[in-house]
2 protein chains.
Amino acid sequence: MQEMITTYSIGEVAEKFGLSLPTIRYYDKEGLIPNLNKNEAGVRRFTEENIGSLQMIECLKNAGMPIRDIKQFMQWTLEGDASLDKRYQMFQELRVSVLKQMEAMQNTLNTIDFKCKYYGQATEDGTEKYVKKEMHLERP
Amino acid sequence: MQEMITTYSIGEVAEKFGLSLPTIRYYDKEGLIPNLNKNEAGVRRFTEENIGSLQMIECLKNAGMPIRDIKQFMQWTLEGDASLDKRYQMFQELRVSVLKQMEAMQNTLNTIDFKCKYYGQATEDGTEKYVKKEMHLERP
DNA sequence: GCTTAACCTAAAGTTAAGTTTAGGTATTTG
DNA sequence: CAAATACCTAAACTTAACTTTAGGTTAAGC
């Protein structure tokens with residue numbers, strides 16, 4: 001009985017993730033996609049595991065982690081259970097970092113919301129003159 | 001009667017914002033700080049207005065806006081009421097962009113939270129073996 | 001009057017994260 | 001079989017956002 005393993009071409013993966021072909025090749029070259037293999041012709045074939053790595057890469061990139069650190073993490077996964085504590089610590093620190101970023105984002109959004117109101121009124125008035133004095137009290 | 005206007009040196013401003021001196025000079029050179037003047041000796045003196053510009057720069061940077069666009073905004077402020085609609089539109093678009101970023105951040109945080117639990121259990125177990133199978137169902 | 005600290009400019013250098021270029025292979029399609 | 005399509009590599013290039021370097025001025029303290 002044959003086990004059917006579905007794999008994907010780099011083009012399909014690029015489409016799926018909205019990444020360019022060179023970007024995916026660059027990630028591979030940098031060691032961000034462990035166990036990514038090539039067929040007899042030297043063409044990359046992506047397994048579900050490799051897709052999973054790319055999903056994790058996207059997550060870590062979104063968290064603001066540099067490529068170098070993502071590579072480190074992927075190398076740790078290759079070390080198996082010996083690196084579990086390092087990976088655990090990494091995610092705990094990342095969690096704190098992301099929470100801080102979200103807090104900063106919220107403050108930024110508050111300022112932008114204020115500016116939307118401010119410029120909304122100013123646009124209505126046709127001038128900044130009045131709104132500048134009225135709304136100045138709320139935001140020193 | 002003399003009007004006393006307090007101004008700040010570049011060093012004081014750098015300290016206040018946690019920016020380096022070259023960074024502030026760079027922002028000035030790029031036109032990000034409108035109406036920033038120098039004294040007779042050619043030394044920058046920052047007014048409250050200039051401080052306000054730097055606060056806005058920090059906000060816009062946090063929102064992910066590139067220097068080029070921040071410069072554009074600052075040039076608009078120099079045009080006065082004629083550019084009110086452009087500035088209003090800018091902040092409305094920025095608001096949408098930041099909301100999207102926050103949503104992405106929240107998804108990222110959810111994934112990281114899951115990984116924290118995952119690796120917490122794995123670290124406890126001393127192996128990924130069990131947790132891999134148990135928690136796989138929740139996150140395909 | 002000399003040194004130290006705080007500022008100045010212009011120009012070159014750095015880093016991250018890709019992108020572009022140039023030249024080549026393998027497979028399907030008219 | 002010719003041509004289009006999808007892939008490959010290595011190396012050079014790009015861009016943003018600073019940073020570093022080198023050389024110079026000014027004001028304050030000893």
Side-chain angles (χ1 to χ4, degrees), chain A residues 6-33 36-47 50-51 53-75 94 97 101 104 108, chain B residues 6-33 36-47 50-51 53-75 94 97 101 104 108:
Chain A
T6 39
T7 62
Y8 306 89
S9 71
I10 194 171
E12 289 164 344
V13 172
E15 171 75 11
K16 184 176 170 68
F17 285 95
L19 295 170
S20 74
L21 305 197
T23 295
I24 296 177
R25 293 195 189 111
Y26 165 70
Y27 289 167
D28 182 24
K29 195 171 54 162
E30 292 297 308
L32 264 56
I33 315 173
L36 172 54
N37 296 318
K38 296 171 184 173
N39 67 13
E40 328 73 49
V43 172
R44 273 171 273 254
R45 298 305 316 187
F46 291 75
T47 64
N50 302 143
I51 302 288
S53 292
L54 276 165
Q55 256 151 13
M56 187 47 60
I57 290 167
E58 288 302 279
C59 170
L60 298 178
K61 270 205 300 180
N62 246 294
M65 185 176 278
I67 298 295
R68 191 182 343 105
D69 295 2
I70 299 179
K71 174 183 184 167
Q72 170 73 280
F73 169 70
M74 292 301 179
Q75 301 310 305
L94 195 60
S97 160
Q101 289 178 61
T108 298
Chain B
T6 39
T7 63
Y8 306 89
S9 72
I10 193 171
E12 289 164 343
V13 172
E15 171 75 9
K16 184 176 169 69
F17 284 95
L19 296 169
S20 74
L21 304 198
T23 295
I24 296 177
R25 293 195 189 110
Y26 165 71
Y27 288 167
D28 181 25
K29 194 171 56 164
E30 292 298 307
L32 263 55
I33 315 174
L36 172 54
N37 296 317
K38 296 172 186 172
N39 67 15
E40 328 73 49
V43 173
R44 273 170 273 254
R45 297 306 314 188
F46 293 75
T47 64
N50 303 142
I51 302 288
S53 292
L54 276 166
Q55 255 152 13
M56 187 47 61
I57 290 167
E58 288 302 278
C59 170
L60 297 177
K61 270 205 300 181
N62 245 293
M65 184 175 279
I67 297 294
R68 190 182 344 104
D69 295 2
I70 298 179
K71 174 183 184 166
Q72 170 72 282
F73 169 70
M74 291 302 179
Q75 300 310 305
L94 195 59
S97 160
Q101 290 178 61
T108 298

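Remember, predicted model here, so these are calculated numbers, not experimental data. Just so we're on the same page: letters track the sequence lines, and every chain starts at 1. Values below: every heavy atom of this structure, side chains too, minus hydrogens, waters and symmetry copies.
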Side-chain donor/acceptor of B:E30 to backbone N/O of B:I70, under 3.5 Å: no
Main-chain N/O of A:F46 paired to A:E12 side chain as donor or acceptor, under 3.5 Å: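 Absent.
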Please report the distance, rounded to the nearest Å, between [atom1] in [X] and [atom2] in [N].
X: A:R44; N: D:dT9; atom1: CZ; atom2: C1'; value: 9 Å
X: A:L21; N: D:dA10; atom1: CG; atom2: C1'; value: 17 Å
X: A:E30; N: C:dT15; atom1: CD; atom2: P; value: 15 Å
X: B:N62; N: D:dA17; atom1: CG; atom2: P; value: 14 Å
X: A:I24; N: D:dT9; atom1: CD1; atom2: P; value: 13 Å
X: A:E12; N: D:dC7; atom1: CD; atom2: P; value: 8 Å
X: A:R45; N: C:dT27; atom1: CZ; atom2: C1'; value: 13 Å
X: A:I10; N: D:dT5; atom1: CD1; atom2: P; value: 19 Å

Sugar-phosphate, base or nothing in reach of A:R25, heavy atoms under 4.0 Å: base
Sugar-phosphate only, base, or nothing, as touched by A:K29 at under 4.0 Å among non-hydrogen atoms: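 No contact.
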Heavy-atom side-chain proximity of A:L32 to A:Y26 below 4.5 angstrom: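 A:L32 vs A:Y26: side chains apart.
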Test item: A:R45 and A:S9 side chains (from C-beta on) under 4.5 Å apart, heavy atoms: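 Counting from C-beta outward, A:R45 and A:S9 do come under 4.5 Å.
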Side-chain donor-acceptor pair present, A:N50, A:T47, cut-off under 3.5 Å: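 Their side chains do contain a donor-acceptor pair, which is all the 3.5 Å distance test asks for.
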Candidates D:dT9, D:dC7, D:dT19 - which lies nearest the side chain of A:V43: D:dC7
Which nucleotide in D:dA17, D:dT9, C:dT19 has an atom nearest any side-chain atom of A:P22: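 The closest nucleotide is C:dT19.
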5' priority, DNA chain C, between A:T23 and B:F46 [closest heavy atom]: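 Whichever sits nearer the 5' end wins; that is B:F46.
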5' priority, DNA chain C, between A:A41 and A:Y26 [closest heavy atom]: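 By nearest-heavy-atom nucleotide position, the 5'-most residue is A:Y26.
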N or O in side chain of B:S9 less than 4.0 angstrom from C:dA6 OP1/OP2: no
Any A:K38 side-chain N or O less than 4.0 Å from OP1/OP2 of D:dT9: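 Affirmative; the distance criterion is met.
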Nearest-nucleotide comparison on DNA chain D, the residue closer to the 5′ end among B:Y27 and A:D28: A:D28
